[in-house]
Structures are given as structure tokens and as C-alpha cells.
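Here is the structure we will look at, set down as C-alpha cells.
A quick note: this is a predicted structure, and the numbers were derived from the prediction, not measured. Remember, it's 1-based here, ligands and their atoms both numbered in the order they're listed.
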Amino acid sequence: MGTRIIGTGSCLPETVVTNDDLSRIMDTSDEWISSRTGIRQRHLVREETTAGMSAEAARRAMDNAGITAQDIDLIIVGTVTADHVLPSCACEVQAAIGAEHAVAFDINAACSGFMFALNIAHAYLQTGTYKTALVIGAETLSKIMDWNDRSTCVLFGDGAGAVVLQLSSQGGVLAFDQGSDGVKGGVLSCVNRTNNNPLVETSKELGYVHMDGQEVYRFAVTTVPASVIRTVRAAGLSVEDIDYFALHQANVRILQAVAKRLKAPEDKFPISLDRCGNISAASVPILLDEMNRKGLLKPGMKIAMSGFGGGLTWASAVLEW
Ligand code: COA
């Protein structure tokens, strides 16, 4: 039995911020951002929350799958921007949608978070521990951006994407590959709340994302193609057999470089980053939902997915739709 995605959903904040909007509040331009990244706009939260968007994406995925919250017995949210340190975002989603039978928890693997969560859910389903899983990637990255750091804040956006997974005799996950390199953690980092116990001087330092863009770029264009190739081979396929590469949406130049290294046509790499920017763990499920709702995904198609980012972490999957 394969682990199959039977429904997808997504939710983006209402407010769209274009590159021109940003150029009115910081020293940047549409020309600089779009030529270096492919990003033209992003959605940023006002009142929306990570859990609220997650719950809405989950409702849409359940609706698409034709199931109810009562059917869900596992909820995993990949996020680095949960609204609370506790409870977890997944527990908030459980309460919001009324999935009373579910076990719910978050995982932190940054931009690979959705893919790591997908693999965990896949493993649970394969062992028979749970039957129907909701896997979500969700972020409100705008709250951890340093809006004075133009080289980083222009890249990211907010949003959530969700899938429903079930065992199926047809299709599903064919292979997985994941990895981490904690030694390089400093190239993409964000400090959490600092120690303020009575033994130390209280520090008011707030954590913002710090990124060595060129180092992250080098990591992505070497690690992602290698991981995708390993996964495709483990699935018993070749790169030519893959119908779509649904990759983490960080930068169009990274997607082009990966396509080149894989010797795959660029039109097999769907793009949402022009409209959404980089939404970390939410990127892949939002992209998948767009592809699903456009009718691009047909039964039997082979889809390669890959996430990569902070940790450093990466994870790829090949599945038959
Ligand atoms: N607008 C205008 N100018 C900007 C700018 C902005 N938003 N951000 C940086 N600049 C300037 C820099 O100050 C620098 O100016 P200088 O030459 O006068 O010092 C110049 O542009 C070049 O900066 P640099 O950082 O070398 O640009 P780059 O070509 O490496 O592009 C990234 C920067 C971030 C677009 C690129 O490194 C990248 O995409 N990296 C991957 C990041 C990523 O995807 N992270 C998430 C992974 S999950």
C-alpha cells in the first residue's frame, strides 16, 4: 500500500505587497528583486495567524479529499513561526477544525519542514499507527524578518498549505531522501527568546532571520539536484520519467540551476514564488495545491518534490499521483 495525497488546500493572507510597495519603504527596487529572485510580490499577514491560516488550508484540503475532521487521526505542522511557544500550532489546528481523534504536533525543519512532516506521516501510515494524516506547512515569516535588512526581508512571505494523506493500493510515495548539516546552521539562522532567568542580566534582544545568501544559494544548487537524483533512482525511475518537479520556492535562479543540473526542461518546474515569495515550510504544499486546482496533476503522473533550507536541512520525495 502506498501513502497517497488525496487532497490539497492552501491559504494566503489577504494583503499583497509588491516590490514597488517595498521600494517606497526601503532602498530597493522591483528591478533588483525580480531580476535576482523572480519574486514580484508576497502576501503578508495583518490579522491572520499561522494557526488560523493552517486551519483554513486544512479545511480546504479535507474538502478536496472528501473527508471530515472526524477522520483525521494525525496532524503534523512544519513551521518555525508558530503563534505560541506552546501550545503547538498543530494542537491549535486540531481545536480549530474539531479533529478530536487526532494526535497533533509541530516539527521544525525550516524550509524542509513540510517535507520532513510528510515523511514522518508516511512512516506512521506505513506502520499502521494512523490511517489519515493532515500534513501542513505554515509560516508568518514576516514577524521574524529584520525589515531593515533589505537583502533578506524582500525574499519572504506568509501563508499555509496542507495535504491529506491516506494509504492507497494505487500510487503514493515511491521514495524519500532527507538530510541535515548542523555544522552549517549559521548560514541561515534566527535566535529564539534569550535567557531571562534570575541568574542573568535580562537581555531584550529580539531574534531576526540572519542569512548568508550566497552560501545558501551554493548549498541549494548542489544539494537539491543530488537529493532529487538519489530519490528518483530509489524510486526505480530516471529524471526523464518525472512529470513535474515541485520544489521549494526560494529563488527562480535556484530552480533554473537545478533544472540545468538535472538536464530537465524548465517547464517541468512550476512556480509560485513570483506571487508568493519564499514561504519556507509552506512553499511546497501551496505549490502542490495550485497544481492540483489547475488540473495539472493526473493519476499515474510522477512528481518529485524537494524542500531545503535552515538547519541546514533538505528532503525530497518522489510520488505517483
Ligand atoms: N535591493 C537593492 N539592493 C540590494 C538589496 C535589495 N533588496 N539587497 C541587497 N542589495 C545590494 C547589496 O547591498 C549589494 O550592494 P553592494 O554591491 O553595493 O554591496 C548588492 O545588492 C549585491 O548583494 P549580494 O548579496 O551580493 O547579492 P546577490 O547577487 O548574492 O543576491 C540573494 C542576493 C539573496 C538574492 C542571493 O544570494 C540568493 O538568492 N541567495 C539564496 C537565498 C535563499 O534562497 N534563501 C532561502 C533558502 S531557503
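Distances between N or O atoms of G213 and those of ligand 1 include at least one value under 3.5 Å. The shortest N/O to N/O separation between N251 and ligand 1 falls below 3.5 Å. An N or O contact shorter than 3.5 Å is missing between T37 and ligand 1 by distance. Below 3.5 Å of separation, one finds an N or O of R36 facing an N or O of ligand 1. No N or O atom of H248 sits closer than 3.5 Å to an N or O atom of ligand 1.
The protein atom (non-hydrogen) at minimum distance from atom 15 (O) of ligand 1 is R150 NH2, 4.3 Å. In this structure, the protein non-hydrogen atom closest to atom 47 (C) of ligand 1 is V216 CG1, 3.4 Å. Looking only at protein heavy atoms, the nearest one to atom 45 (N) of ligand 1 is M211 SD, 3.1 Å. Among all non-hydrogen protein atoms, the one lying nearest atom 1 (N) of ligand 1 is T28 OG1, 2.7 Å. Ranking the protein heavy atoms by distance from atom 44 (O) of ligand 1 puts A250 CB, 3.4 Å first. For atom 9 (C) of ligand 1, the closest non-hydrogen atom on the protein side is W32 CZ2, 3.4 Å. Protein heavy atom closest to atom 30 (O) of ligand 1, with residue, atom name and distance, is Q214 NE2, 3.0 Å. In terms of protein heavy-atom proximity, atom 48 (S) of ligand 1 is nearest to C111 SG, 3.3 Å.
Here the shortest heavy-atom pairing between K268 and E240 reads NZ-O, 3.5 Å.
Distance check for atom 17 (O) of ligand 1: every protein heavy atom is found at 4.0 Å or beyond. When distances from atom 39 (O) of ligand 1 to the protein are checked, a heavy atom turns up under 4.0 Å. Protein heavy atoms are absent from the space less than 4.0 angstrom from atom 32 (C) of ligand 1. For atom 3 (N) of ligand 1, a protein non-hydrogen atom is found at a distance below 4.0 Å.
Taking a cut-off of under 4.0 Å to the non-hydrogen atoms of F308, the atoms of ligand 1 that pass are 48 (S). Shown in contact with I254 at under 4.0 Å from a heavy atom are these atoms of ligand 1, numbered in order with element: 44 (O). The contact set between ligand 1 and Y217, taken as ligand atoms under 4.0 Å from a residue heavy atom, comprises 40 (N), 41 (C).
Rounding to the nearest 0.5 Å gives a distance of 7.0 Å between CG of D71 and CD of Q166. The distance from the OG atom of S316 to the CZ atom of F308 is 10.0 Å, given to the nearest 0.5 Å. How far CG of N292 is from OG of S10: 10.0 Å, rounded to the nearest 0.5 Å. A distance of 8.0 Å separates CG of L188 from OG of S280, quoted to the nearest 0.5 Å. The structure places OH of Y124 at 7.0 Å from OG1 of T129, a figure rounded to the nearest 0.5 Å. With rounding to the nearest 0.5 Å, the separation of CD1 in I33 from OG in S151 is 11.0 Å.
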What do the steps show when you test R59 against D63 for salt bridge (charged side-chain N to carboxylate O under 4.0 Å, His left out), and what is the final call?
CA-CA 6 Å; R59 284 186 202 101; D63 190 43; over 6 Å; no

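Side-chain contact between I303 and V318: absent, with no pair of heavy atoms (C-beta onward) separated by less than 4.5 Å. Within the 4.5 Å cutoff, side-chain heavy atoms of K184 are placed close to those of D181. At least one side-chain heavy atom of Q70 sits less than 4.5 Å from a side-chain heavy atom of H101.
Classification of D243 and K302 as a salt-bridged pair fails, no side-chain N sitting under 4.0 Å from a carboxylate O. Salt-bridge check for R42 with D21: failed, with every basic side-chain N at 4.0 Å or more from each acidic carboxylate O.
Taking the ring centre of Y217 as origin, the terminal cationic atom of R253 falls inside the region bounded by 6.0 Å and 45° from the ring axis.
For L22, the heavy-atom gap to ligand 1 stays at 4.0 angstrom or more.
Both the backbone and the side chain of S151 come within contact range of ligand 1, each with a heavy atom under 4.0 Å. Contacts with ligand 1 closer than 4.0 Å are made by side-chain heavy atoms of N278 only, the backbone lying farther away.
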